[in-house]
Amino acid sequence: MRVTFLGVGEAFGSRANTSLLVNGELLLECGPHTLLQLRRLGVELSRVRLVYISHLHGDHFLGIPALLLAAREDGREEPLTMVGPPELRQVAEELLQLSYRRSLEELPYEVEFVEAGESLRLLGYELSFAPTRHSLPALAVSVRRRRKLTYACDGAPTEELVELALHSDLLVAEAYGGGASTHSSPLQAAQLASRAKVKRLALVHLWRGLAREEVERAREVFEDILLPEDLETVEL
Ligand SMILES: [Zn+2]
Ligand SMILES: [Zn+2]
C-alpha cells in the first residue's frame with residue numbers, strides 16, 4: 001500500500017490542507033489545496049476512483065467542485081465514488097452551483113454517493129469507520145487491502161477509534177492540539193497508537209504553532225512517529 005501525504009496541514013496554516021492519496025486511486029479528504037497537490041504530483045485524475053470525506057469542515061471538502069470539474073476538463077469518463085456524511089451529495093451539488101454554475105448531472109461521468117457508517121467493500125478495499133470527538137460529526141476510517149491504514153482526522157480519540165485502529169500498519173492521526181477538547185494532540189495520538197498496537201504513527205493536521213517538544217514528549221509514549229511533509233510518500 002502506497003500512502004502519499006498530499007497535505008499535512010490544518011485549515012489556516014502554511015501547509016496544504018490534510019489529504020492523503022492511497023495507491024494513487026483512493027483520495028482521503030478534498031480541501032481547497034487538494035487539486036493543486038494532485039497536479040503537482042502529476043496524478044491522472046481519472047485514476048482517482050474513490051473520495052472519502054470525513055466531515056464537513058471546509059478544509060476537508062471545499063475542493064470538491066474543482067476536483068470534479070478538473071476531471072471533466074481532463075476528459076474523465078470513469079465513474080467516481082464519493083463516501084462521506086449523509087449530506088455529501090447535496091453539499092457537492094450546492095458547491096458546484098455556487099462556484100461554477102454547474103450540476104452533477106452535467107458531468108460526463110457518473111458520481112455515486114455512499115454514506116459512511118457501516119463497513120463497506122468498495123473497489124477491492126474494505127472500509128470501516130469510527131466516530132471521533134469533534135465539533136461536527138466526524139468519522140475516522142480504516143482502509144484494508146493486504147495492509148491496514150487507519151486515518152483519524154479531525155477529532156480527539158474515542159474508544160471506538162482504538163478498536164478501529166487495532167494493529168494498523170500505519171495510523172495517520174491528527175495532532176492539531178492547542179488544548180482543544182475537540183482535537184487530538186501529539187500525545188493523545190501517541191497514546192492511541194500505543195493502545196491500538198499499531199506499527200507506525202504519522203501526525204497530520206498540524207497546527208502552525210506546533211512545538212517540537214510536544215512531539216518529543218509523544219515519542220516517549222510511542223516511538224515510531226513520522227512527521228510527514230506535504231507530498232511525502234510512505235510504503236506499507
Ligand atoms: Zn474539523
Ligand atoms: Zn480540519
Side-chain angles (χ1 to χ4, degrees), residues 2-13 15-74 76 78-100 102-104 107 109-116 120 122-123 125 127 129 132 134 136-141 143 149 151-155 172 174 176 204-206 228 230-233:
R2 198 171 70 253
V3 180
T4 301
F5 296 88
L6 296 170
V8 298
E10 42 143 332
F12 313 122
R15 297 178 175 97
N17 299 143
T18 289
S19 173
L20 272 59
L21 184 66
V22 181
N23 291 337
E25 59 181 7
L26 201 156
L27 181 65
L28 306 182
E29 313 287 30
C30 189
H33 306 148
T34 302
L35 176 63
L36 176 65
Q37 300 298 77
L38 288 167
R39 291 293 199 209
R40 282 182 169 154
L41 284 178
V43 173
E44 228 178 281
L45 297 184
S46 59
R47 286 208 54 221
V48 177
R49 301 198 295 159
L50 192 150
V51 178
Y52 176 65
I53 305 291
S54 66
H55 68 297
L56 295 176
H57 272 149
D59 52 316
H60 298 257
F61 78 96
L62 282 179
I64 289 174
L67 181 79
L68 294 179
L69 294 173
R72 173 180 178 263
E73 278 198 352
D74 288 5
R76 180 185 189 118
E78 297 79 2
L80 177 69
T81 303
M82 300 198 72
V83 180
E87 316 89 312
L88 189 58
R89 169 185 271 280
Q90 190 197 333
V91 164
E93 187 72 76
E94 286 176 7
L95 279 178
L96 271 176
Q97 276 298 337
L98 198 63
S99 49
Y100 297 103
R102 296 283 179 191
S103 79
L104 288 167
L107 296 172
Y109 56 92
E110 210 173 305
V111 187
E112 187 197 4
F113 289 84
V114 179
E115 190 178 330
L120 300 168
L122 287 169
L123 312 171
Y125 294 92
L127 305 182
F129 308 90
T132 60
H134 196 42
L136 280 184
L139 290 177
V141 62
V143 177
L149 162 75
Y151 167 75
C153 190
D154 299 345
V172 178
E174 76 120 318
Y176 181 80
V204 294
H205 208 268
L206 301 174
D230 289 356
L231 301 180
E232 193 173 325
T233 292

Query raised in the report: Would L120 and Y125 satisfy side chain to side chain contact (heavy atoms under 4.5 Å, CB included), going step by step from the backbone distance to the final call?
Result: CA-CA 8 Å; L120 300 168; Y125 294 92; over 6 Å; no
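- Rounding to the nearest 0.5 Å places OG of S99 at 10.5 Å from CD1 of I64.
- In E232, the CD atom is crowded: over 12 heavy atoms of neighbouring residues, nucleotides or ligands sit closer than 6.0 Å.
- Counting only heavy atoms from C-beta outward, the side chains of T233 and F5 never approach each other to under 4.5 Å.
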Requested in this report: Before giving the answer on side chain to side chain contact (heavy atoms under 4.5 Å, CB included), spell out for L27 and L6 the whole-Å C-alpha distance, their side-chain angles and the decisive distance to 0.1 Å.
Outcome: CA-CA 9 Å; L27 181 65; L6 296 170; 3.4 Å; yes
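- Looking at residues two or more places apart in sequence or on another chain, you find no salt bridge (charged side-chain N to carboxylate O under 4.0 Å, His left out) involving E29.
- Taking R39 as the reference, L35, L45, A70, D74 meet the side-chain contact (heavy atoms from CB on, under 4.5 Å) condition, with sequence neighbours excluded.
- More than 12 heavy atoms of other residues, nucleotides or ligands sit less than 6.0 Å from atom OH of Y109.
- Relative orientation of the F129 and Y52 rings is tilted, given thresholds of 30° and 60° on the angle between their planes.
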Report task. Please lay out, stage by stage, how L231 and L41 fare under the test side chain to side chain contact (heavy atoms under 4.5 Å, CB included). Result -> CA-CA 8 Å; L231 301 180; L41 284 178; 3.8 Å; yes
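- When side chains are defined from C-beta on, T4 does not count as touching L20, because their heavy atoms never get closer than 4.5 Å.
- Looking at every heavy atom in both residues, P32 comes nearest to L62 through CG-CB, 4.0 Å.
- With sequence neighbours excluded, the residues that form a side-chain contact (heavy atoms from CB on, under 4.5 Å) with R49 are E25, L123.
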Using distance only, find each side-chain donor-acceptor pair of residues 78-93 under 3.5 Å and give its atom names and separation, not counting sequence neighbours.
residue : atom : partner : partner atom : Å
Q90     : NE2  : E94     : OE2          : 2.9
E93     : OE2  : L104    : N            : 3.1

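- The line from CG of N23 to CG of L26 is 8.0 Å long, rounded to the nearest 0.5 Å.
- Looking at E174, its side chain does come within 3.5 Å of a backbone N or O of Y176 through a donor-acceptor pair.
- A heavy-atom distance below 4.5 Å is found between the side chains of V172 and L149.
- Remark: side-chain polar atoms of T132 are paired, donor with acceptor, to backbone N or O of D154 under 3.5 angstrom.
- Across V204 and P228, no two heavy atoms sit closer than the pair CG1-CG, 4.5 Å.
- In this structure the side chain of D230 reaches within 4.5 angstrom of the side chain of Q37, judged on heavy atoms.
- Ring pair H60/H205 is parallel by interplanar angle, where below 30° counts as parallel and above 60° as perpendicular.
- Applying the salt bridge (Lys or Arg N to Asp or Glu O under 4.0 Å) test to pairs two or more places apart or on separate chains, none has a residue in residues 58-71.
- Residues T34 and S19 come closest through the heavy atom pair CG2-OG, 3.5 Å.
- Scanning both residues, S54 and C153, for their nearest heavy atoms gives OG-O, 3.0 Å.
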Query - Derivation of the side chain to side chain contact (heavy atoms under 4.5 Å, CB included) call for L28 and V51 - result: CA-CA 6 Å; L28 306 182; V51 178; over 6 Å; no
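- Taking CG of L107 as the reference point, atom CZ of R76 lies at 10.0 Å (rounded to 0.5 Å).
- For R15, the salt bridge (charged side-chain N to carboxylate O under 4.0 Å, His left out) test picks out no residue, with sequence neighbours left out.
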